[in-house]
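Since the structure comes first, as structure tokens, the remarks are kept for the end.
Numbers for residues simply follow the sequence, beginning at 1.
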Amino acid sequence: MAKITFNDDPVTLIGQEIKVGDQAPDFKVLANDLSEVTLKDSEGKIRLFSVIPSIDTGVCDTQTRKFNEMAAKFGEDVMVYTVSMDLPFAQTRWCGAAGIDKIQTVSDHKDASFGKNYGVLIQELRLLARAIFVVNQEGKVTYVEYVPEVTTHPDYDAALEAVKALTK
């Protein structure tokens, strides 16, 4: 499993580490309207999952804004999700204030299903570790980044290239 720290302190991730080539695990999270969202809901599309600890922090704010900008350029065949443990109400409030409208924010607070299935649930904090996953139209994982220090940024360019490679 990836070695992850939060403010330089090691944390324990619950779940299996996802690797490139794996079949993407299913999950159940909540949309902002409290409806259930699963992997199958976006079947046949390219999916980018931007995983963050909390939408109300600086790095998470920047990460969500950057992927919203990228999503505007991707087109209809690409779905971009921001996954966090934030309540759907907080996600809705934040997206409205920030003008975020090209991605879908989803909440894993109810069951921690995404966190457990993608190996990003931090046992000590019940937050999600920062990570990026790209899944192709057939449901195979084509890109994975577990950010080693949760309080730092992911590699935006590498994630963008991973999506572009699937759209050619």
Side-chain angles (χ1 to χ4, degrees), residues 1-20 22 24-25 27-32 37 47-74 78-135 141-164:
M1 192 64 166
K3 299 233 188 277
I4 305 295
T5 58
F6 188 93
N7 288 325
D8 296 323
D9 291 326
V11 294
T12 308
L13 298 183
I14 297 172
Q16 290 291 103
E17 183 176 2
I18 301 298
K19 295 185 170 87
V20 170
D22 287 351
F27 55 82
K28 289 181 186 171
V29 293
L30 294 178
N32 293 166
V37 176
R47 281 118 335 155
L48 183 146
F49 296 100
S50 170
V51 186
I52 61 172
S54 177
I55 199 100
D56 284 315
T57 62
V59 176
C60 298
D61 177 296
T62 300
Q63 182 173 331
T64 304
R65 289 175 191 269
K66 280 189 182 267
F67 282 116
N68 188 67
E69 289 171 22
M70 289 179 192
K73 300 172 187 169
F74 288 150
V78 180
M79 294 286 301
V80 179
Y81 296 91
T82 291
V83 186
S84 73
M85 293 296 253
D86 295 299
L87 293 174
F89 315 110
Q91 291 175 339
T92 300
R93 173 196 46 77
W94 186 90
C95 287
I100 302 298
D101 61 355
K102 303 295 184 221
I103 63 172
Q104 183 174 2
T105 54
V106 292
S107 174
D108 201 24
H109 88 279
K110 185 178 176 198
D111 299 319
S113 169
F114 189 96
K116 292 173 189 170
N117 293 349
Y118 283 74
V120 292
L121 180 60
I122 301 173
Q123 179 177 327
E124 295 85 350
L125 302 171
R126 201 171 192 288
L127 293 174
L128 301 181
R130 190 174 315 283
I132 307 293
F133 303 95
V134 176
V135 177
V141 177
T142 63
Y143 177 82
V144 174
E145 180 186 8
Y146 288 92
V147 180
E149 168 54 49
V150 174
T151 62
T152 62
H153 291 273
D155 187 339
Y156 300 108
D157 293 335
L160 177 61
E161 289 305 313
V163 171
K164 282 183 179 178

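When all heavy atoms of Thr151 and Val59 are compared, the pair lying nearest together is O-CG2, 3.3 Å. For Val106 against Ala31, the heavy-atom pair with the smallest separation is CG1-CA, 4.4 Å. The shortest heavy-atom contact between Val80 and Ala71 is CG2-CB, 3.7 Å. The two atoms that bring Ala162 and Tyr143 nearest to each other are CB-CB, 3.5 Å, heavy atoms only. Minimum heavy-atom separation, Asn68 to Gly99: ND2-O, 4.2 Å. The shortest non-hydrogen separation linking Leu128 to Met85 is CG-CG, 3.8 Å.
The OG1 atom of Thr142 sits 11.5 Å away from the CG atom of Asp22 when rounded to the nearest 0.5 Å. Once rounded to the nearest 0.5 Å, the distance linking CD of Gln91 with CD of Gln104 reads 9.5 Å. With values rounded to the nearest 0.5 angstrom, Asp157 atom CG is found 8.0 Å from Lys66 atom NZ. Distance check: Glu145 CD to Asp155 CG gives 5.5 Å after rounding to the nearest 0.5 Å. With rounding to the nearest 0.5 angstrom, the OG1 atom of Thr57 is 6.5 Å from the CD1 atom of Ile52. Ile14 contributes atom CD1, which lies 7.0 Å from atom NZ of Lys116 (distance to the nearest 0.5 angstrom).
At a threshold of 4.5 Å between non-hydrogen side-chain atoms, the residues Ser113 and Asp108 count as touching. For the pair Arg130/Thr152, no side-chain contact is recorded, criterion being any heavy-atom separation below 4.5 Å from C-beta on. Looking at Ile122 and Leu13, their side chains come closer than 4.5 Å, going by heavy atoms from C-beta outward. In this structure the side chain of Tyr156 reaches within 4.5 angstrom of the side chain of Met70, judged on heavy atoms. Ile4 is listed as a side-chain neighbour of Val150, based on a closest heavy-atom distance under 4.5 Å. At least one side-chain heavy atom of Gln63 sits under 4.5 Å from a side-chain heavy atom of Ile132. Using a 4.5 Å cut-off on side-chain heavy atoms (C-beta onward), Ile100 and Trp94 make contact.
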Cys95 and Asp101: side-chain contact (heavy atoms from CB on, under 4.5 Å), yes or no, with the steps? CA-CA 7 Å; Cys95 287; Asp101 61 355; over 6 Å; no
Tell me, with the steps shown, if Ile55 and Asp61 meet side-chain contact (heavy atoms from CB on, under 4.5 Å). CA-CA 6 Å; Ile55 199 100; Asp61 177 296; over 6 Å; no
List the steps and the verdict of side-chain contact (heavy atoms from CB on, under 4.5 Å) for Phe27 and Val83. CA-CA 11 Å; Phe27 55 82; Val83 186; over 6 Å; no
Could you walk me through whether Val163 and Phe74 pass the side-chain contact (heavy atoms from CB on, under 4.5 Å) test, one step at a time? CA-CA 8 Å; Val163 171; Phe74 288 150; 3.7 Å; yes
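Remark: Ser107 engages His109 in a side-chain hydrogen bond (donor to acceptor under 3.5 Å, both in side chains) (not counting sequence neighbours). Remark: Asp86 pairs with Ser54, Ser84 by the side-chain hydrogen bond (donor to acceptor under 3.5 Å, both in side chains) rule, at least two apart or across chains. Every residue two or more places apart in sequence or in another chain that forms a side-chain contact (heavy atoms from CB on, under 4.5 Å) with Val144 is listed here: Ile18, Val20, Phe133, Val141, Tyr146. Every side-chain hydrogen bond (donor to acceptor under 3.5 Å, both in side chains) that Asp56 has, sequence neighbours left out, goes to Arg93. In this view, Glu69 satisfies the side-chain contact (heavy atoms from CB on, under 4.5 Å) rule with no residue, not counting sequence neighbours. With sequence neighbours left out, the side-chain contact (heavy atoms from CB on, under 4.5 Å) criterion links Glu161 to Lys164.
Gln123 contributes no side-chain N or O that, together with a main-chain N or O of Val11, makes up a donor-acceptor pair within less than 3.5 Å. With hydrogens and angles disregarded, a donor-acceptor distance shorter than 3.5 Å links the side chain of Glu124 to the backbone of Thr12.
Taking the six-membered ring where the residue is Trp, Phe49 and Tyr81 present parallel rings, their angle staying beneath 30° rather than reaching 60°.
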